[in-house]
Amino acid sequence: MDDDHLPNLDDQLVELPTLEKFASALTLSHPPRILLLYGSNRERSFSRLLVEEAARLLQRFGAETRVFDPAGLPLPDAAPDSHPKVQELRELMQWSEGQVWCSPERHGSMSAVFKAQIDWVPLAIGAIRPTQGKTLAVLQVCGGSQSFNVVNQLRVLGRWMRMFTIPNQSSVPKAFLEFDADGRMKPSSFYDRLVDVMEELVKVTLLLRERQDYLVDRYSERKESAEALSRRVNQRAL
């Protein structure tokens, strides 16, 4: 290309990526904070059992974990935002640095119980974006043969929520065969895969810690903020 002129670009708002800007002092003042969500209210919920097993592994890898119980969470828009379960969920979203999402497959899709949790979380709460820049691992449990419908949908959902979804994932077929009477996951290649996923999640969360603001800093949003500031200045001058 002979002409490198970019007439539509505001050079004053361009931020050139450099290693120096990306590098920051990694503060290990607290363990990685991981929120785990599951998608069933059944008494013996295999998505919950898988999440609980994942939480044990995360703790072994040095993370602090919290599991949100969706029981009692109203349907989206069926209650005010002040509902205690909605407030609990949103506070956990903001507390977390990474998340694990696990849903059973229902009719080839994620469950309504799981989707309702995400639908209660807006892209922004005031000036805070509760999920942007956070890491995400996706899991699913299947009642029959293995499929990847749910984890694929969860990846799309994670992207919409502006999260960094790690490459690895876990899909557990015939989940009713993979847990013992005490709710612990049996040794298997599926268990080994879960270990891999949680290990990778902690690594990526540590890698991105305190760098999310830089990574998600966007030209379009800087331009929008600059234009809004210019309008306010002009209004005051009138």
Would you check, one step at a time, whether the test side-chain contact (heavy atoms from CB on, under 4.5 Å) holds for L73 with V86?
CA-CA 7 Å; L73 182 70; V86 175; 3.9 Å; yes

For A79, enumerate each residue passing the side-chain contact (heavy atoms from CB on, under 4.5 Å) test, keeping only those at least two apart in sequence or located in another chain.
P74, H83

Taking all heavy atoms of P122 and all of M161, pick out the closest pair and write down the distance.
O-CE, 4.4 Å

In terms of heavy-atom contacts, does CZ of R60 have more than 12 from other residues, nucleotides or ligands at under 6.0 Å?
no

side-chain contact (heavy atoms from CB on, under 4.5 Å) between V100 and T65, worked out
CA-CA 10 Å; V100 176; T65 65; over 6 Å; no

R90 side chain near P130 side chain, heavy-atom distance below 4.5 Å:
no

Atom CG of L157 and atom CG of L136: how far apart are they, to the nearest 0.5 Å?
8.5 Å

Residues pairing under side chain to side chain donor-acceptor pair (under 3.5 Å) where one sits in residues 189-198, two or more places apart or in two chains, turn out to be none

Please name the pair of heavy atoms, one in Q153 and one in G108, separated by the smallest distance, quoted to 0.1 Å.
NE2-O, 3.7 Å

Which pair of heavy atoms, one from P32 and one from V202, lies closest together, and at what distance?
CG-CG1, 4.4 Å

For E91, salt bridge (charged side-chain N to carboxylate O under 4.0 Å, His left out) partners two or more places apart:
none

Residue list, side-chain contact (heavy atoms from CB on, under 4.5 Å) with A116, at least two apart or on another chain
P76

Of L35, L36, I34, T135, the one forming a side-chain contact (heavy atoms from CB on, under 4.5 Å) with Q99 is L35

V156 reachable from M163 in the ILVMFWY side-chain graph, under 4.5 Å edges:
no

Let's go through L49 and E52 carefully: what are the C-alpha distance in whole Å and the side-chain angles of both, what is the deciding distance for side-chain contact (heavy atoms from CB on, under 4.5 Å) to 0.1 Å, and is it a yes or a no?
CA-CA 5 Å; L49 294 180; E52 290 175 349; 3.8 Å; yes

What are the two closest heavy atoms between A55 and V67, and how far apart are they?
CB-CG2, 4.4 Å

Contact list for residues 89-121, test ring-ring contact (aromatic ring centres under 6.0 Å, His included), sequence neighbours left out
W101-F114

First locate atom CD of Q59, then atom CE of M198, and finally report the distance between them rounded to the nearest 0.5 Å.
12.5 Å

Going by the salt bridge (charged side-chain N to carboxylate O under 4.0 Å, His left out) test, which pairs reach into residues 146-161, not counting sequence neighbours?
none

In the structure I gave you, are the side-chain heavy atoms of L37 and P70 within less than 4.5 Å of one another anywhere?
no

side-chain hydrogen bond (donor to acceptor under 3.5 Å, both in side chains) against E199, all qualifying residues, sequence neighbours excluded:
none

Among residues at least two apart in sequence or on other chains, which ones pass side-chain contact (heavy atoms from CB on, under 4.5 Å) with S40?
R42, S45, S47, P104, R106

Donor-acceptor list for residues 138-146 side chains, cut-off 3.5 Å, not counting sequence neighbours:
{"unit_1": "Q140", "atom_1": "OE1", "unit_2": "V150", "atom_2": "N", "d": "3.1"}
{"unit_1": "Q140", "atom_1": "OE1", "unit_2": "V151", "atom_2": "N", "d": "3.1"}
{"unit_1": "Q140", "atom_1": "NE2", "unit_2": "E105", "atom_2": "OE1", "d": "3.2"}
{"unit_1": "Q140", "atom_1": "NE2", "unit_2": "S147", "atom_2": "O", "d": "3.3"}
{"unit_1": "Q140", "atom_1": "NE2", "unit_2": "S147", "atom_2": "OG", "d": "3.4"}
{"unit_1": "Q146", "atom_1": "NE2", "unit_2": "S171", "atom_2": "O", "d": "2.8"}

Same cluster or not: L92 versus V113, using hydrophobic residues (I, L, V, M, F, W, Y) connected whenever any side-chain heavy atoms lie under 4.5 Å apart?
no

Test: salt bridge (charged side-chain N to carboxylate O under 4.0 Å, His left out). Region: residues 171-187. Which pairs qualify, not counting sequence neighbours?
E53-R184

Sorted by chain and residue number, the side-chain contact (heavy atoms from CB on, under 4.5 Å) partners of D69 (sequence neighbours excluded) come out as Y38, A71, K85

Taking atom types as modelled and ignoring hydrogens, do the side chains of E97 and T205 form a donor-acceptor contact shorter than 3.5 angstrom?
no

Under the side-chain contact (heavy atoms from CB on, under 4.5 Å) rule, what do M185 and L50 come out as? Steps first, then yes or no, please.
CA-CA 7 Å; M185 195 171 186; L50 189 60; 3.8 Å; yes

Can you check whether M93's main-chain N or O pairs, donor with acceptor, with S96's side chain at less than 3.5 Å?
yes

Name all residues meeting the side-chain hydrogen bond (donor to acceptor under 3.5 Å, both in side chains) criterion together with N168; count only those two or more places apart in sequence or in a different chain, and write none if there are none.
none

For the CD atom of Q117 and the CZ atom of F68, what is their distance to the nearest 0.5 Å?
5.5 Å

